[in-house]
Amino acid sequence: MKKVYLDNASTTQLRPEVIQEMTKVLTEDFGNPSSTHSFGRNAKSVLELSRKSIAKYLNASAPEIIFTSCGTEANNWILRSAVKDLQVKRIILSKIEHHAVLHTVERLQNEFGIQVDYVAVKRNGEIDITDLVDLLSQDIKTVVSLMQVNNEIGTVLNVEKVGRICEQHNALFHSDMVQSVGKLEIDLKSIPIDFMVASAHKFHGPKGIGFAFIKKNSGLQPLFFGGEQEKGLRPGTEAVHQIAGMAKALELSYANLEAERIHIQELKNYLISQFEIHFPAFQINGTSDGIYTILNVLLPFPADKTAMILFHLDMKGIAVSRGSACQSGSIRPSHVLAEMLSNEDLKKPSLRISFSHCNTKEDIDLLIIALKSI
Ligand code: PLP
């Protein structure tokens, strides 16, 4: 049975060159980057070259890139320190953020009694910018936390516009860019932004490594305390092989961006055309111009098929998702779709199909055949 992986928003396969790079670093550059001998200096050089390379692709300066263990950690760190150390008294976010942001903010609200405002989300999953401007008219020290690409429905936020609005209202701007780094061109010098977050395993790099962009002189303080690594902002011996793997993955993502975007967009268009033929009553959850890597659809199946659809596809070797990975085993509806769909539609099966350059037209055909057999 051919297995089909269409769950790339959840995680991605490592590129062979990334494995090669990591193996080389594990074998040859095993020194501790904080050691002053040649082994340490060698590892330090791998570390700093990786930082420089990542900064270059995002048009940031290298010292603004701080390595963390994952996207979740980076989101927690930034939001917590904004409240604890930057005198932030209010966080504005949306109800369709990733749980790494939503649950962090809930926790901060309970712990510090900060004000939390949720910006309105339109029926198509877009953030209501007019509502954001209205919320920002209140004069209170604020951080706005809005993701660039939604991990469930693929809607894309205009971060340049939001950044400018935040700047005009003296608010800090944080964006979870976990689903966009390596997939969209990002120029951090042209966006008025204070903090952003990325995670290597979403762009064909290793798990367990991510980074934060922390704008110069932000005043952010560490979450953990220990050594002087990452300028004291993220102590702990750096995972040099993971970091080198992440830098290699980002380099390859941007080197191949145009060709892979065309290939993936063609697959997405083909899948939509197949849905139109075989399931004409299907609906796209989100906007039709969402990111090319994600398609979320509401299928015209009865509600009693909802619980078994993923299982049925899995039996046929096909991996897709119902929402974000953390929810796919649960029967609770996705918190993102809950903001957009009627109660009736929420009961019907929705699928998130997410693509990478590794997918082929045959994968799409196999998905359609499997769905037709339900
Ligand atoms: N933010 C978004 C938008 C995501 O899609 C994910 C992963 O599902 C995360 C944060 C969490 O990233 P990590 O797995 O690196 O903690």
Side-chain angles (χ1 to χ4, degrees), residues 5-14 18 54 65-80 91 93-107 121 125-127 144-157 159 162 173-184 186 193 195-213 223-224 234 239 242-243 245-247 249-250 253 285-286 290-296 319-330 334-337 339 352-356:
Y5 187 74
L6 284 165
D7 198 17
N8 290 279
S10 155
T11 197
T12 54
Q13 194 177 348
L14 270 83
V18 171
I54 289 169
I65 303 296
I66 305 292
F67 298 120
T68 62
S69 68
C70 60
T72 302
E73 180 194 324
N75 280 327
N76 269 267
W77 168 36
I78 290 164
L79 292 168
R80 178 164 287 267
I91 300 180
L93 73 165
S94 81
K95 290 214 165 135
I96 64 169
E97 297 307 301
H98 190 273
H99 282 147
V101 166
L102 273 175
H103 290 164
T104 302
V105 172
E106 279 165 21
R107 177 71 195 209
V121 176
E126 279 179 342
I127 299 298
V144 171
S145 179
L146 291 171
M147 70 209 309
Q148 185 174 21
V149 169
N150 185 281
N151 54 299
E152 292 197 31
I153 51 172
T155 41
V156 183
L157 180 75
V159 283
V162 170
F173 179 37
H174 162 249
S175 186
D176 177 332
M177 296 192 174
V178 165
Q179 292 290 342
S180 49
V181 167
K183 291 160 197 146
L184 300 179
I186 294 168
I193 189 165
F195 314 109
M196 67 76 91
V197 164
S199 176
H201 74 100
K202 307 287 184 178
F203 52 85
H204 305 278
K207 291 171 187 55
I209 191 74
F211 64 87
F213 161 85
L223 189 61
F224 311 136
R234 208 296 188 170
Q242 309 277 75
I243 291 167
M246 172 162 70
L250 196 69
S253 290
N285 295 321
I291 192 166
Y292 57 100
T293 47
I294 296 176
L295 179 67
N296 196 314
V320 293
S321 166
R322 217 155 63 78
S324 61
C326 7
Q327 290 169 300
S328 42
S330 106
S334 130
H335 70 282
V336 175
L337 297 182
E339 292 301 309
R352 178 187 70 180
I353 299 132
S354 48
F355 312 88
S356 82

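Because only heavy atoms are used, hydrogens play no part in the values below, and waters and symmetry mates are left out as well, while side chains stay in. Atoms within a ligand are numbered from 1 in the order they appear, just like the ligands themselves. Just so you know, these numbers come straight off a predicted model, no measurement behind them.
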Taking all atoms of both residues into account, what is the closest heavy-atom pair of Val197 and Ala74, and its distance?
-> CG2-CB, 3.6 Å

Distance only, no hydrogens: is a donor on one side chain within 3.5 Å (strictly under) of an acceptor on the other, for Lys202 and Thr12?
-> no

Region of Asp176 that comes within reach of ligand 1 [heavy atoms, distance under 4.0 Å] = side chain

For Met147, the ligand 1 atoms with a heavy-atom partner under 4.0 Å come out as 3 (C)

Closest to atom 16 (O) of ligand 1 (judged by heavy-atom distance), picking from Ile209, Thr72, Val197 = Thr72

Do any heavy atoms of Lys202 fall under 4.0 Å from ligand 1?
-> yes

Evaluate side chain to side chain donor-acceptor pair (under 3.5 Å) for Thr104 paired with Asn75, printing each intermediate quantity in order.
-> CA-CA 8 Å; Thr104 302; Asn75 280 327; over 6 Å; no

Are any of the N/O atoms in Val178 less than 3.5 Å from those in ligand 1?
-> no

Any N or O of His98 closer than 3.5 Å to N or O of ligand 1 = yes

Go through the side-chain N and O atoms of Thr155 and Glu126 and say whether any donor and acceptor fall under 3.5 Å apart.
-> no

Kindly confirm or rule out an N or O of Ser10 lying under 3.5 angstrom from an N or O of ligand 1.
-> no

Find all atoms of ligand 1 within a distance of less than 4.0 Å from any non-hydrogen atom belonging to Cys70, and give their numbers and elements.
-> 13 (P), 15 (O), 16 (O)

Shortest non-hydrogen contact between Ile294 and Ile153, atoms and distance = CG2-C, 3.9 Å

The answer for which part of His201 has a heavy atom under 4.0 Å from ligand 1 is side chain

Hey, which atoms in ligand 1 end up nearer than 4.0 Å to a heavy atom of Ser199?
-> 13 (P), 15 (O)

Go through the side-chain N and O atoms of Glu73 and Thr68 and say whether any donor and acceptor fall under 3.5 Å apart.
-> no

Quick one: which of Val159, Ile127, Asp176 gives a side-chain contact (heavy atoms from CB on, under 4.5 Å) with Met147?
-> Asp176

Are any of the heavy atoms in Lys207 under 4.0 Å away from ligand 1?
-> no

Sidechain-backbone polar pair: Arg352 side chain, Asn151 backbone, donor-acceptor under 3.5 Å = yes

